[in-house]
Amino acid sequence: MEAPPVTVMPVTGGTINMMEYLLQGSVLDQALDSLLHRLRGLCDSMEPETFTDHELVYLLKGQQGNPFILRARRSLSHPNTPWHLRYLGQPEVGDKSRHALVRNCVDVATSHSLPEFLNEMGFRMDHEFVATGHMFRKGAMKIVVSKLSRILVPGNTENTERLSLSYLVELSVLAPAGQDTVSEDMRSFAEQLKPLIHLEKIDPSKQRH
Amino acid sequence: FQQREEKQLEASVESLISRVAHVKNALHSFIYKLENEYERLTWPSVLDNFALLSGQLNTINKLLRNEKTPSFRNQVIIPLLLSPDRDEDLAKLTEQRVPVFSHEIVPDYLRTKPDPEVEEQEKQLSTEALSCGLNQCCLRILFNPDVEQARQNKPFFNPTDTNALVAAVAFGKGLSKCRPPGPVAQGHPGQGQMMSGGPTLQQVTIGGGSGQQAGLGGPVAPQQQGQPGKMPSSIKTNIKSASGSMHPYNR
């Protein structure tokens with residue numbers, strides 16, 4: 001009798017492995033209006049969206065190695081919408097000529113009990129911040145212009161202090177792995193925003209010091 | 001020799017006319033778009049139009065600089081007949097833009113020198129330019145009140161800010177950190193209140209007025225639910241407590 005076939009690969013959840021392609025830059029307060037004006041001209045839709053979000057970053061420290069990081073995000077302007085839980089992997093190294101930062105990304109919506117759940121699982125909140133700003137879309141590309149503020153008293157999102165006199169600008173695309181035309185498209189879009197802002201591939205680990 | 005020169009002149013005038021016609025057409029269609037299709041007009045399209053005009057002007061410049069082009073300065077145009085009457089041929093030739101070849105239009109269309117005021121200004125600028133050395137010239141360019149402010153000292157972004165923001169989003173650099181178990185440490189200025197709700201829950205609030213001072217913050221214990229036996233701990237923050245005095249224990 002023959003043995004039944006055995007699946008060699010572990011069964012995954014059936015989702016495609018999604019990657020986030022990212023370019024980042026910033027814009028000073030005094031140039032914000034020019035940037036928003038230009039983005040309004042370049043992007044889809046007449047009405048850009050504004051948002052105010054509260055993001056909490058949770059760490060799970062294992063025995064050794066780097067802690068596992070999960071990001072929980074909720075809208076302060078629309079308090080009844082679901083929370084979002086996001087996992088971002090390490091940036092893919094390798095192709096230096098690739099124009100954007102590429103990392104694994106898993107994004108799910110959750111209920112409002114997310115912080116308690118994460119605490120039960122053993123995660124601890126490492127830091128949190130409030131992000132408020134504008135979001136634009138162009139096809140698959142998402143452009144987010146955000147003002148970041150630190151929270152002075154944990155849990156109190158009314159009492160915040162701005163981190164910087166600039167807004168963070170992020171151009172991102174969520175796409176299945178292996179689509180290299182994505183970073184080309186992002187690069188040509190980024191060209192259209194020069195010299196106002198320079199969107200670049202920034203390696204976050206180089207900013208640690 | 002003269003015949004060759006004449007031929008060259010004719011040829012270069014012909015090509016100049018055709019190039020200028022290209023610019024005219026591009027301007028015409030651009031103006032039309034701006035006036036009639038502005039609702040659908042996109043920024044990239046506007047940029048394309050400007051790029052086109054720029055390219056065409058460049059071509060004209062190249063043509064004028066070409067060594068095969070005779071110097072137009074040596075040519076003189078003298079009007080032979082001026083009349084206030086409408087000239088149909090001229091009108092047709094210029095697409096109704098110049099219907100009359102009269103005393104009014106001659107100073108503009110046959111002009112070979114700039115306006116006297118403009119000429120004065122140009123002479124002034126040239127003498128200024130020649131008089132000062134390289135250093136002086138640079139200083140004058142940088143601090144010229146006529147040059148648009150926006151171009152000079154308004155940068156649009158600050159790379160240091162970019163790095164700081166990326167670091168904040170990537171791993172919380174510059175944001176209050178909440179550390180896991182350790183001895184409890186709190187500091188609070190006069191108005192601090194404290195509530196103890198049992199072994200698992202502790203919450204400290206720090207009095208208001210924090211908006212102005214960048215240094216106000218102080219260590220605060222986060223809420224921890226469902227963790228019996230684990231007390232909130234010392235939290236390291238990048239912000240110094242405003243009072244400067246830290247009480248190690250809250251009891």
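Numbers restart at 1 for each chain; the letters A, B, ... are given by sequence-line order, proteins then strands.
- Neither the backbone nor the side chain of A/V57 comes within contact range of chain B, judged by heavy atoms closer than 4.5 Å.
- Contact residues of residues 165-173 of chain A toward chain B are A/L165, A/S166, A/Y167, A/L168 (heavy-atom distance under 4.5 Å).
- Residue B/A168 touches chain A through both its backbone and its side chain, counting heavy-atom pairs closer than 4.5 Å.
- Interface remark: B/V46 contributes no atoms to any contact with chain A (heavy atom separation under 4.5 Å).
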- Query: Checking side-chain hydrogen bond (donor to acceptor under 3.5 Å, both in side chains) for the pair A/H99/A/E184: CA distance, chi angles, key distance, verdict?
  - Reply: CA-CA 7 Å; A/H99 304 294; A/E184 272 308 311; 2.9 Å; yes

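- Taking the charged nitrogens against the carboxylate oxygens, A/R73 and A/D53 do have a contact shorter than 4.0 Å, which makes a salt bridge.
- Applying the ring-ring contact (aromatic ring centres under 6.0 Å, His included) definition to pairs two or more places apart or across chains, those involving residues 34-55 of chain B are B/F30-B/F50.
- Remark: A/D33 does not engage A/R38 in a salt bridge, criterion side-chain N to carboxylate O under 4.0 Å.
- Between A/R71 and A/E55 there is a salt bridge, since a side-chain N of the basic residue sits under 4.0 Å from a carboxylate O of the acidic one.
- Take B/I31 and apply the side chain to side chain contact (heavy atoms under 4.5 Å, CB included) test, not counting sequence neighbours, and it matches B/E35.
- In terms of the side chain to side chain donor-acceptor pair (under 3.5 Å) criterion, residue partners of A/R86 (sequence neighbours excluded) are, by chain and number, A/E20, A/D107.
- The candidate with the highest count of non-hydrogen atom pairs below 4.5 Å against chain A, out of B/T42, B/D161, B/N158, is B/D161.
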- Query: Hey, mind stepping through A/S77 and A/T52 against side-chain hydrogen bond (donor to acceptor under 3.5 Å, both in side chains) and telling me if it holds?
  - Reply: CA-CA 6 Å; A/S77 45; A/T52 304; 4.5 Å; no

